[in-house]
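Have a look at the structure below before the remarks.
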Amino acid sequence: MLKEQAGTSTELPKPRWLRWLAGALTVLLVLAPAGVYAWRYLYNPCEVESVQEASHSLLIQSKMYDQVYQSAVDGDRTSLDYPVTVMQQTFMDTQAVVVPACMQTAKGELLHYMETVIYAFRAFAAGEADEAVRDLVQQSNGHYQNFTTEMEAVQECAPFCFR
């Protein structure tokens, strides 16, 4: 009798955890592409159109700032109040520019550039050493270079930027 029972049931029942694992993997394989699809089409933080609009806004702010900057460079220590006030207003307006997530670094570098230039003019107006003012100007140039580099990188990678 043992021989008959042993010969008839050659297949062992599958453990529950194996069925659960197979089900979880199936659900994961369905949900992962659905999640990517939802992120891409419902919440894309770096759509090409929004990148172009934000880039345009940041470049306008940058050009306005640089025009005032160039006029301030030609002034002396006593005539810097008005240009620095206009630069501060442009800085605050630039802070208000809404940019996609992938452009936050570029916007941050532009704001650091603007802020450092304002510090340099304040230092110059206060009569600080020329070397200290030059250091601030060099720092601002580095931030501006980082801004242009970031802008170029985002323009190339949009809409698939993961910055």
Side-chain angles (χ1 to χ4, degrees), residues 1-69 84-123 132 134-163:
M1 184 155 180
L2 285 176
K3 282 186 176 181
E4 287 177 18
Q5 286 178 343
T8 58
S9 64
T10 57
E11 190 175 315
L12 295 175
K14 293 185 179 177
R16 273 188 166 187
W17 67 268
L18 189 59
R19 282 188 231 148
W20 182 86
L21 181 62
L25 286 175
T26 303
V27 168
L28 183 64
L29 289 174
V30 170
L31 289 181
V36 170
Y37 176 83
W39 176 82
R40 172 69 178 95
Y41 290 101
L42 300 177
Y43 175 75
N44 185 355
C46 203
E47 290 180 1
V48 175
E49 186 176 316
S50 62
V51 166
Q52 289 174 346
E53 289 174 14
S55 295
H56 182 71
S57 296
L58 290 179
L59 290 174
I60 287 173
Q61 292 297 113
S62 173
K63 287 178 183 179
M64 287 179 8
Y65 189 87
D66 288 340
Q67 287 174 347
V68 178
Y69 180 14
V84 169
T85 301
V86 173
M87 289 173 16
Q88 288 172 325
Q89 183 61 50
T90 306
F91 171 78
M92 289 187 291
D93 293 343
T94 305
Q95 285 178 317
V97 173
V98 177
V99 299
C102 61
M103 293 186 68
Q104 289 296 326
T105 302
K107 178 182 172 182
E109 287 295 334
L110 179 60
L111 290 171
H112 288 309
Y113 158 72
M114 292 176 168
E115 190 174 39
T116 307
V117 168
I118 292 169
Y119 288 151
F121 278 113
R122 285 183 183 159
R134 259 185 297 217
D135 286 345
L136 287 169
V137 170
Q138 286 177 346
Q139 287 176 22
S140 72
N141 290 339
H143 287 299
Y144 192 79
Q145 181 63 37
N146 292 343
F147 164 68
T148 57
T149 302
E150 281 293 319
M151 290 288 282
E152 290 170 1
V154 169
Q155 292 293 329
E156 290 178 13
C157 71
F160 301 109
C161 299
F162 297 102
R163 298 181 165 276

Could you give the side-chain donor-acceptor pairs of residues 109-118 under 3.5 Å, partners two or more places apart or in another chain?
residue: Glu109; atom: OE1; partner: His143; partner atom: ND1; Å: 2.8
residue: Glu109; atom: OE1; partner: Asn146; partner atom: ND2; Å: 3.4
residue: Tyr113; atom: OH; partner: Asp66; partner atom: OD1; Å: 2.5
residue: Thr116; atom: OG1; partner: His112; partner atom: O; Å: 2.7

Q: State the CD-CD distance between Glu47 and Gln52, to the nearest 0.5 angstrom.
A: 11.0 Å
Q.
Please report the interatomic distance CE(Met151) to CG(Leu59), rounded to the nearest 0.5 Å.
A. 4.0 Å
The criterion is side chain to side chain donor-acceptor pair (under 3.5 Å); which residues satisfy it with [X], sequence neighbours excluded?
X	value
Asn141	none
Glu53	none
Thr94	Gln61

Q | Tyr119 OH: over 12 foreign heavy atoms closer than 6.0 Å | A | no
Results of side-chain contact (heavy atoms from CB on, under 4.5 Å) for [X] - residues two or more places apart only:
X	result
Gln89	Met92, Asp93
Trp20	none
Gln145	Thr148, Thr149
Ala158	Cys46, Val48, Val51, Cys161

Q.
Tell me whether Lys107 contacts the main-chain N or O of Val97 through its side chain, where contact means a donor paired with an acceptor under 3.5 Å.
A. yes
(Q) Under the side chain to side chain contact (heavy atoms under 4.5 Å, CB included) test against Phe121, which residue among Leu136, Val84, Val137 passes? (A) Val84
Q: Output all residues satisfying ring-ring contact (aromatic ring centres under 6.0 Å, His included) with Phe147, sequence neighbours left out; order by chain, then residue number.
A: Tyr144
